[in-house]
Amino acid sequence: MKRVRKAVIPVAGLGTRFLPATKAMPKEMLTVVDRPVVQYAVDEAREAGIDHIVFVTGRNKHVIEDYFDVQPELIATLSRAGKTGELATLDLIQPPAGMMSFTRQQAPLGLGHAVWCARDIVGDEPFAVLLPDMVSFGERGCLAGAVELYDQTGGNVIAVEQCDPLETARYGIVGRGNAAGHGFAITGMVEKPNPAAAPSNYYINGRYVLQPEIFGILGRQERGAGNEIQLTDAMQQLLEDQDFFASPFEGRMFDCGSREGFIQANLAFALARDDIRDLVFEPISEMISLQKRRCAA
Ligand code: UTP
């Protein structure tokens, strides 16, 4: 069985849910505490053993490529000023040379189309997909669990979390089959089902391990929901020929493409950081108490 070595991170979407912030800045560069959301996805991929990352970018997204490049002027200035802490931070996030490829999706035709744009760079091997606006928060990253399950089961793996059973219409939902490793076999996938029609409350949370046969299906895929080429439609088709397994995530995924998810992620990551927690805990607690008093009045 081939190891999962490559990951695709699509960053070509327009981020319309986060306008006006995303009018001139990619939503993947919005910061959670002090680093852009795309940095969390790269760290998660590296933790899961990924050796190479393929970014699918679009117009106005070149800042993402610049972010992962070396900045000699900045390094020289920090060195002259003796700012060793800042230099160490830059060093920590710097990917090794050649670890990243960038390809362009010429028009935002949907997530499925974005993944298809990476086909030649990925080639004939299993690969991971991380939606970078979904930021993973937990003991270990979500993708590490999905890759671990893939190593046990082969096939394709989708990371899932449980949602409120009354809110299934907001998500892609999978059907639950027999237990497999720390997860279970997937019997089907439904996009945004009403609670009565939902096969379970396990929703697809933005991390995948897929076999390369998905590319052929994506290449033939008609537009689906939202007039976009949908990854879920292609996975549904691949499910007819190949096994899919669900890897339940033990942590929590924040949807940083939405205002509320982004704010929650900032609070969760700030409160989890030893160097920030004490600086923000009291002010946040006071704001919450004040708000509660206002609501009660
Ligand atoms: P989203 O659907 O969350 O991104 O896609 P979006 O379309 O930018 O968001 P809204 O709904 O307009 O606010 C998840 C990921 O897939 C990428 C996005 O950049 C995001 O990281 N994506 C989406 C593409 O790369 N291409 C697309 O055509 C669509």
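As the structure lists them, so they are numbered: ligands from 1, and atoms in each ligand from 1. Residue indices begin at 1 and follow the sequence shown.
Inclusion of Leu14 in the set of residues having an N or O under 3.5 Å from an N or O of ligand 1 is warranted. Taking any N or O of Ala12, backbone or side chain, at least one lies under 3.5 Å from an N or O belonging to ligand 1. Residue Lys61 places no N or O, backbone or side chain, under 3.5 Å from any N or O of ligand 1. For ligand 1, the polar-atom distance check finds an N/O of Gly110 within less than 3.5 Å of one of the ligand's N/O atoms. In terms of N/O distances under 3.5 Å, ligand 1 is not approached by Leu131.
When Cys117, Pro10, Ala107 are checked for heavy-atom proximity to atom 21 (O) of ligand 1, Pro10 turns out nearest. Nearest-heavy-atom check against atom 14 (C) of ligand 1 across Asp133, Val37, Asp255 picks out Asp133.
Those atoms of ligand 1 with a heavy atom of Ala114 less than 4.0 angstrom away are 24 (C), 25 (O), 26 (N). The contact set between ligand 1 and Leu109, taken as ligand atoms under 4.0 Å from a residue heavy atom, comprises 28 (O). Atom numbering of ligand 1 starts at 1 in the shown order; those under 4.0 Å from a heavy atom of Pro132 are 21 (O). Applying the 4.0 Å criterion to heavy atoms of Pro108 picks out, from ligand 1, the atoms 28 (O).
When heavy-atom distances to ligand 1 are checked against a 4.0 Å cut-off, Val11 comes that close only through its backbone atoms N, CA, C and O. Looking at Glu228 against ligand 1, nothing comes within 4.0 Å, counting heavy atoms. At a 4.0 Å heavy-atom cut-off, ligand 1 does not touch His113 at all.
Side-chain atoms of Tyr171 and Asn205, non-hydrogen and from C-beta on, never get closer than 4.5 Å to each other.
At a cut-off of 3.5 Å, with distance as the only test, no side-chain donor of Thr57 or His62 sits close to an acceptor on the other residue. Remark: the Gln242 side chain and the Gln211 side chain contain no N/O donor-acceptor pair separated by less than 3.5 Å. Residues Glu167 and Tyr203 have side chains that never bring a donor and an acceptor to within less than 3.5 angstrom of each other.
One distance of note links CZ of Phe254 with CE of Met134; it measures 10.5 Å at 0.5 Å rounding.
Both the sub-6.0 Å distance and the 45° axial angle are not jointly satisfied by Arg119 relative to the ring of Phe215.
Within the 6.0 Å centre-distance limit, the rings of Phe68 and Phe55 are counted as a close aromatic pair. Aromatic ring centroids of Phe184 and Phe245 lie 6.0 Å or more apart. In this structure, Phe262 has its ring center under 6.0 Å from that of Phe18. Taking the ring centroids of Tyr208 and Phe127, they lie at or beyond the 6.0 Å cut-off.
With hydrogens and angles ignored, the 3.5 Å screen pairs no side-chain donor or acceptor of His113 with any backbone N or O of Ile229.
Under a cut-off of 6.0 angstrom, the local environment of CG in Asn178 is sparse, with at most 12 non-hydrogen atoms contributed by other residues, nucleotides or ligands. For Arg277, the CZ atom counts as densely surrounded, since its 6.0 Å shell holds more than 12 non-hydrogen atoms of other residues, nucleotides or ligands.
The closest protein non-hydrogen atom to atom 26 (N) of ligand 1 is Gln105 OE1, 2.7 Å. Among all non-hydrogen protein atoms, the one lying nearest atom 12 (O) of ligand 1 is Thr16 OG1, 2.5 Å. In this structure, atom 18 (C) of ligand 1 lies nearest to the protein heavy atom Gly13 N, 3.5 Å. The shortest contact between atom 1 (P) of ligand 1 and any protein heavy atom is with Lys27 NZ, 3.7 Å. Counting only heavy atoms of the protein, atom 13 (O) of ligand 1 lies nearest to Arg17 N, 2.7 Å. In terms of protein heavy-atom proximity, atom 8 (O) of ligand 1 is nearest to Gly15 N, 2.7 Å.
Protein heavy atoms are found less than 4.0 angstrom from atom 16 (O) of ligand 1.
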